[in-house]
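Read the structure below first, then the notes.
In what follows, chains are A, B, ... by sequence order, proteins preceding strands, each numbered from 1. This structure is a prediction, so every number in the text was calculated from the model and none was measured.
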Amino acid sequence: MTAGAGPTMTRVRGRNTGAVAADQDAAGLGRWRAGLFVLPALVLIGVFLVLPALWTIYLGATDFQLTGTAAAQPRIVGMDNLLSVFSGGGFAGSLLLTLEYVVGSAVVGQAGLGLALAWVMRDRRGVLRRVVDAVVLLAWILPNSVVAFLWIALLDRDSGTLNALLGTPGFGWLLRYPMLSIIVFNIWRGTAFSQMLYSAALANVPRSQLETARLTGATPWRQLWDVVLPQIRGHVLTNLLLVSLWTFNDFTPFLLTAGGPDHRSETLPVFVYVTALTGGQLGLGAAISFVMLLVNLVIAFGYLRLLGRRKDGAA
Amino acid sequence: MAAITTTGLGKVYPGGVRALDALDLSITDGEFFALLGPSGCGKTTLLRTLAGLESPTSGSITIGTSDVTRLPPGRRDVAMVFQDYALFPHMTTADNIAYPLRVNGVPKSSRHDKAAQIAAELGLAELLARRPGQLSGGQQQRAALARAMACHPKAFLFDEPLSNLDARMRLEARSFLKRLQRQLGVTTVFVTHDQSEALAMADRIAVMESGHIRQIGTPVEVFRRPSNIFVASFIGSTPMNLLEAMVVDGQVETCGQRLVVPNGVIAGLANGVSFVLGLRPEYLTLHTASVPGALCGVVAVVENLGSQQLVSLEVSGTTVRCVVTEDAEPALGAECWLVPRAERVLVYLDGELVEDAVLSDAR
């Protein structure tokens with residue numbers, strides 16, 4: 001009796017889950033068994049991403065210090081850290097520098113130059129194409145510390161390559177134009193990604209469409225604007241999202257200017273580092289990090305909304 | 001509105017591939033002209049060179065009265081319809097049709113009126129607000145045609161216009177295209193690898209092989225009198241019988257048999273000369289009773305073509321095909337006799353057609 005009831009019940013339950021999920025559940029695993037497959041990844045994400053993020057929020061609510069009594073016994077100070085982040089002058093200035101860095105080097109520089117390179121190189125084959133690809137990729141694959149060293153050697157005041165080329169010995173590029181220096185540096189450093197992403201996107205636009213436009217007399221600029229850009233809009237937004245976030249969180253400028261001179265190139269990641277590790281105020285640093293996280297989320301949601309609108313428009 | 005002439009047109013790709021070899025072609029005003037050949041014969045290269053999308057390495061192209069050899073595609077005043085139609089997926093049908101006008105700076109309201117008018121002519125009036133993804137294959141093709149018509153070009157260039165349509169649509173589109181071309185009277189060059197398409201639509205056909213033009217002629221000319229063995233074997237939905245033959249005592253010997261051919265067919269050939277005899281299956285008559293001087297063979301295969309039957313006979317080890325009407329189906333294994341139609345016997349010497357005075361008159 002019981003032996004007969006068991007399988008029947010199982011079958012009924014199986015049928016139920018099947019009916020519920022039939023239109024969404026292609027693998028036919030059911031919700032719980034499918035969940036098991038995702039579990040290991042969720043655990044890893046939880047331990048290494050979510051927990052530290054929550055820990056940052058907790059730290060930001062304390063007066064945790066690198067040394068002294070507050071390092072041994074941090075006190076909960078509540079919103080004090082956050083309030084001082086917004087009331088102190090350092091954060092607002094640093095945020096502006098960061099936005100300048102993101103717009104200048106990521107949005108205009110990397111994405112713009114990447115698209116331009118991809119467009120100009122779209123039909124090129126042979127030596128020129130290979131040389132450009134190699135140079136761009138080389139900048140991408142070198143380690144940060146090596147690239148930073150190369151750029152210091154290039155921009156050095158006394159024996160730098162640039163000063164030797166321009167005949168301006170003693171000109172301190174990193175001191176006179178710290179933001180411009182790190183922006184140009186980051187463009188040089190990261191354009192490869194955008195160029196490769198756009199090259200792949202351009203390859204998806206059928207040649208016949210460009211040729212049709214050419215036959216009507218459209219200039220290359222019009223072909224790009226009328227035919228290509230509307231079709232690669234999704235790629236453009238995805239690329240902008242990625243390079244914006246990477247650049248927003250980029251710490252490499254520290255290796256060139258260490259945030260100086262006089263905080264003039266102190267972007268937020270550098271600001272956090274200086275506050276938390278150089279200044280020793282770990283709690284305050286955590287609070288700044290938390291605000292950075294929020295800014296990141298705002299940027300990401302902005303792009304994702306634009307992407308979502310594209311899908312609605314296409315449907 | 002314009003004739004198209006090429007003089008010594010050549011195209012050699014880097015690496016030495018000769019896609020076009022000194023082509024002289026003259027397409028008259030208002031003609032519907034087909035470039036026909038197997039893949040890789042250079043027909044698409046020729047079309048793209050006419051459009052200006054490829055630049056020739058030698059020779060010149062004239063469209064109308066002007067030499068356009070060095071002009072960029074946008075200034076040649078020709079419109080091309082691509083095999084995949086190349087409609088812009090992010091634009092509505094109306095915007096697609098109006099795009100050439102937009103590039104040429106026509107104001108928005110008048111270019112949309114124009115687009116609506118052309119769309120109405122091609123039966124697209126209801127579809128103006130749709131995107132290409134929401135159109136059927138045939139509708140997409142008509143939208144691409146409408147876009148090509150929008151700026152009244154001197155010539156149309158079609159690249160494999162029917163190959164993306166299913167079989168039924170293809171027939172419909174064929175008559176549609178032919179009627180449209182006649183109505184508009186615009187010089188039109190189209191590329192196809194399908195000989196039946198070329199025969200059905202074109203006023204004249206250029207049959208191409210590896211960068212050369214092997215024959216130019218009306219559909220009737222290339223079908224009835226292919227000027228060489230390549231054209232003979234390429235044209236015709238049932239391939240031509242090409243039989244090794246020899247002149248023996250002033251008579252034709254082929255497949256080990258004597259075949260009586262009309263007077264004059266081999267008049268110019270000396271005794272003992274080998275040649276190829278070209279007999280279209282459609283031009284052979286099948287007899288079930290013995291006929292003196294006919295090719296005698298055994299029925300091996302009968303294929304139903306609908307209203308006709310394609311009969312393959314074994315003639316002393318060689319397969320010879322002939323087409324018979326539906327009522328005259330012979331039995332498998334039966335012995336039959338094939339008599340060629342007098343004025344349709346072709347003789348190829350060294351691969352080229354032997355033009356015969358007597359036959360030319362008979363034709």
Side-chain angles (χ1 to χ4, degrees), chain A residues 115 118-132 197-198 200-240 305-315, chain B residues 13-15 44 47-48 50-54 68 71-92 95-106 111 131-134 140 143-145 147-160 164:
Chain A
L115 180 61
W119 177 248
V120 171
M121 289 287 147
R122 69 191 185 283
D123 287 333
R124 295 267 189 285
R125 294 287 174 270
V127 181
L128 181 65
R129 171 69 181 257
R130 285 200 291 275
V131 167
V132 171
L197 193 144
Y198 287 136
L202 288 180
N204 280 331
V205 178
R207 287 180 62 96
S208 57
Q209 291 182 16
L210 294 178
E211 286 170 347
T212 299
R214 255 175 92 193
L215 278 159
T216 63
T219 57
W221 175 248
R222 282 212 76 149
Q223 294 169 36
L224 182 66
W225 188 255
D226 292 341
V227 181
V228 175
L229 282 179
Q231 294 191 59
I232 65 165
R233 188 160 169 267
H235 296 85
V236 172
L237 287 173
T238 306
N239 180 52
L240 284 177
R305 276 203 61 147
L306 286 173
L307 267 175
R309 196 188 301 159
R310 180 187 71 103
K311 282 185 191 119
D312 293 345
Chain B
Y13 282 109
T44 300
L47 193 79
R48 290 173 58 83
L50 294 179
L53 297 171
E54 308 267 352
V68 299
L71 281 187
R75 291 182 47 206
R76 296 191 176 196
D77 203 6
V78 296
M80 186 156 166
V81 175
F82 288 85
Q83 193 174 354
D84 61 359
Y85 315 133
L87 294 170
F88 306 127
H90 53 284
M91 293 186 195
T92 61
D95 287 336
N96 263 297
I97 297 173
Y99 185 73
L101 302 171
R102 188 172 133 201
V103 170
N104 290 309
V106 177
R111 71 174 186 248
R131 302 265 170 109
Q134 299 164 309
Q140 287 184 29
L145 282 169
R147 181 174 60 186
M149 287 161 60
C151 52
H152 296 290
K154 283 186 197 156
F156 290 132
L157 307 173
F158 297 159
D159 187 9
E160 303 266 4
N164 275 16

* Asked: Atom CZ of A:Arg222 and atom OH of B:Tyr99: how far apart are they, to the nearest 0.5 Å?
  -> 5.0 Å
* Structure fact -> One should read off an interatomic distance between B:Asp84 CG and A:Arg207 CZ, to the nearest 0.5 angstrom, of 12.0 Å
* **Expected output: side-chain B:His90 to main-chain A:Asp226 donor-acceptor under 3.5 Å** => yes
* To do: Please say which of A:Leu215, A:Thr212, A:Thr216 ends up in a side chain to side chain contact (heavy atoms under 4.5 Å, CB included) with B:Pro73.
  => A:Leu215
* Structure fact -> Heavy-atom closest pair (A:Arg214 atom, B:Leu53 atom, distance to 0.1 Å) is NH1-CD2, 3.8 Å
Using non-hydrogen atoms and a 4.5 Å limit, figure out which bit of [X] sits close to chain A: side chain, backbone, both or neither.
| X | result |
| --- | --- |
| B:Leu101 | neither |
| B:Asp77 | neither |
| B:Val78 | both |
| B:Arg102 | both |

* To do: Give a yes or no on whether A:Arg129 atom CZ has more than 12 heavy-atom contacts from other residues, nucleotides or ligands under 6.0 Å away.
  => yes
* Heavy-atom distance under 4.5 Å between the side chains of A:Gln209 and B:Pro89, does that happen here? -> yes
